[in-house]
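The block underneath contains the structure these notes are about, expressed in structure tokens.
From a predicted model like this one, the values you see are computed outputs, not experimental measurements. To find a chain, count down the sequence lines: A is the first, B the second, and so on, and within it residues start at 1.
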Amino acid sequence: MSADDNSVRMQKPSAEEALRLLFPDLSLLGRIEQLRIASASKVKGTLAGKRRSVSLGGSQEFADYRPYAPGDDVRRIDWSVYGRTRRAYVRQFWDEQELVVHMYVDVSRSMSFGEQDANKLHYALKLAASVGYAALCGDDRVSIKLFNDRVVQELPPVHGRAASPKWFQFIADAMRSSGTYQTSGHPSPELDLSVPFRAPGTLPHRSGVTWLFTDAMFEEGIEETLLSLQAAKQQVVLCHLLSPSELEPALSGELKLIDSELKTGKDIAVGHRLLSDYRMAVTTYREQLERICAERGATYVFVNTGVSLTETIHHVLLPAQALSGKS
Amino acid sequence: MQFLSLSSAWFAIAMPLIAAMYILKRTYMEQEIASHMLWRRALNEQEANRPWQKLRSRLLLLLQLAAALLLTLALMQPVIMRTAAASGHAVIVIDRSASMTARSSDDGSGRSTKLELAVSEAEQWLSRQPGNRPITLIATGQQPEVVLSRTIDRAALNEKLQQITPAYGKSDNTAALSLADSLLLNEPDGELVVFTDGLWPDLAEANAMQLHSTASLTIVGSSKRSNNQAILYFGIKADAGGNGSNTAVVTVKNDSSAARKVQLDLSARNEQGELSIAAQSSIDIAAGEWESVQLTGLPAASYYKAELRPAADAIHADNSAYQFPETPRAKQALLVTEGNLFLEKALQLAGIRTVKVSPDSAAPTGEMAEKTDWIVLDGNDQRLYNDLIWAKLLEEKPLWLIDHPQEDEARSEVPSNVQTIVQEHPVTSYITFSDTHISRLAKPPAEELGWGKPILTYSGIPAIYAGEEGGKPKLRFTFNLQDSDLPLRSEFPVLIVQAAEWMSGGSQLELGAAAADQLLELSLHSETSEAYWEAVEHIDNFSVQLQAGAAQTMALDLNANGVYAAPSAPGLYRLVEINGKGEVLGRRMLAVHADSAELARPADAFGALRLVQSSPAADSEAEIAREPNEQSLSLAVWAAALLLLLMAAEWEVYRRGHSS
């Protein structure tokens, strides 16, 4: 489905262009390599990876002893125990499997706001690129889906550091073509986050970690989406992005505010009172989202796009334990 | 509030224009934002109180409309009518006329008089004034009196206020008003403050007055019919019988609204100065009516006093009245003569009862001698001195000697010419002796004349000696009246009257009655170098109280050319005249009563006092007719100030962005 949309687009950027677009400061990449996606629970994947799985397997991480049973690999008998006790015990190790990280980036029109570097969509993509790169470096499997009221573009799961150019290219391409994504044309479709997630094939098939990058400008559907993602055995990180102009609107005078998605107008007289009411509303909304996430066991991360990427990673994602340093 | 320029109201058209501009205004700048979602949440609260929100949303329009309204108002030149500013010169006029002595309460039992009330009102008014306000204090009276002029000394003002005494005489209130108004003539913020009972005899005149300054009127006391009984008339006439007794007619008026029974005491003071009740009468008077009563058989007295009891009515000053008998008891002269018809008739004409005796007859004794006031010895007969009884009589009584110089007598002279020199003396007042012929004048030895001095010389020869011997007046004519043509001259009766008065101890007729402060035409003795009023009795306790500290005598200003003011408090006074040597020349009584114009009418006979402020009609330029008691104050300045405030508020509103 994405092929139609992409047909009109220009040539995909080269890997180098993509890297320059995404990371003007390449030193960030080095720091990201030291990070890994935190996953609170043991993962259960299909392919061997570096993540401790819920199943026992052939990793180097000791799990338990159990008595030898015929058919067990004799190499696993702990001979020193046998020498002391004359009983054969088999050492068991945790199986290590790969973690599948799913990234969902909201590309609805409301995301295209924010000045230059603070553009929410660009920021979200850069953040996704960084987190994805960290995952790739950690031998995790990463996929990304861009959605508005439907999934408009996606990158199937890629794996390993070698896939990082492809990863960056995809994101840089998405960044270039931001604002050109078409909605399905349903009336007021973008007010419900659950709409794209209800579409078949949107939800991940395999358990893992899902990062949802959005400005959460949805009247409804957020809780429902969290529910369906959890039902799909996903550990959700809701990355809520707001630009500085949304946090502290520099508006004044008599304005007709045009909703970028609905194209409807709202007449307001901007005053101190209204602005403080607005700030209050933003805070309340953030608290509301945080509460919902906490109730669902999801991680809520608020990102001010006015803050540099490095800072966000170090001061927001790491403390929120959405990312962690490599042990 | 009034508008001086109503036509400027057309500028109010600007207001709908402003509103129209707001309607036509492109209301909103379009601004695209990510989503309304958060804004909707913020606006939810505000939409809850929509009417107020709507009002505020048009705050800028409302402010601009208010500004336009204020501008229009300012252009219409609003003025507010208000009482005069309290900072300008104020003139207090205190009515102290006789009616102000009325007790303030209805039954007359009130402790304070209206004047005291007025004074305390004035003090209260003073205490409300700013300390730097110049105040002039004027008391009414026959002549308005400026007690204090343009002073800010409150202590002095209060002191002077307390010292204001009632003026019982005719009060010229209009003059006081006029004076006060003229003091304020060039002071637009001046104020005239009048404290009065509103009972003005010259009310019509005062009401017709056009005052230039703002005036406020404080009426003290009740304007109701006061409870007052007054002696309206008190007259004494001699009984027809000629027995020396008198009849009194007293008219008593009842101003109160109920019939009253009053007790009238009539007392007489005899020559010895003893006051005794001569008659009493009880009178019933209907409300608002008057009643006359006649009291007969009064003993002879030097004066009578009529008094109403009980004295506790509104006005005390009119409860007593004095009256003198028509003539005091006629003097009796013993005329020792062999026959002098001219003299006898002239003496009778002068009101003297004469008892004619011959020098040959025995001296009168007993009652006859007692009743004799003085003796005329026509023909200075030495034989009488030899008679012991005569000699004693002549020694006791004032003596009027008339010499009968004989042709052969050595001590006499025939005048050589008709040149007369008249000295100033009561006996020779109005007398010239011109063209009078005297055939012969006696020249008594000097030792006989030590008591007197010549007051008339004829051809250089003393013709009349006058003086006092042993405190008794004495006269000596050195010529025989019958030897001159004097009795045929018109001056003769005058001379005899004056001589008789002189012999009667210089006592002239009593002065009668006068209103307080009334100007009296008095003829004083020509020798008088000093004269004063001596209080015999005061009528009103109030005046006594007020004058307790003051001297009981009031000196007359002798430069006043025959017109002298009566004492200012009702009562009985004696005019005492003293010559240069300190001798008392005469004592005359004067009964002083309060001005009848003030007291004679009941309170409700007066109209309402209004102080009319003139409208400067001649001033057609920018002035408008002003209400009395008020002055216009332009509000345009305030409107402008408010406008500035409004513009500041508007700017603030615009700056804060409450302007949708």
Taking every non-hydrogen atom, the tightest pair across A/A216 and B/M37: O-SD, 3.8 Å
Chain B contact via A/S245 - which portion, at a heavy-atom distance below 4.5 Å: neither
Between CG on residue A/D259 and CD1 on residue B/I33, distance to nearest 0.5 Å: 6.5 Å
Euclidean distance, B/E32 CD relative to A/E261 CD, rounded to 0.5 Å: 10.0 Å
Enclosure of B/W638 CH2 (heavy-atom neighbours >12, cutoff 6.0 Å): no
NE2-CD distance between B/H36 and A/E219, expressed to the nearest 0.5 angstrom: 11.0 Å
Nearest-0.5 Å distance, CG of residue B/L38 to CG of residue A/D215: 9.0 Å
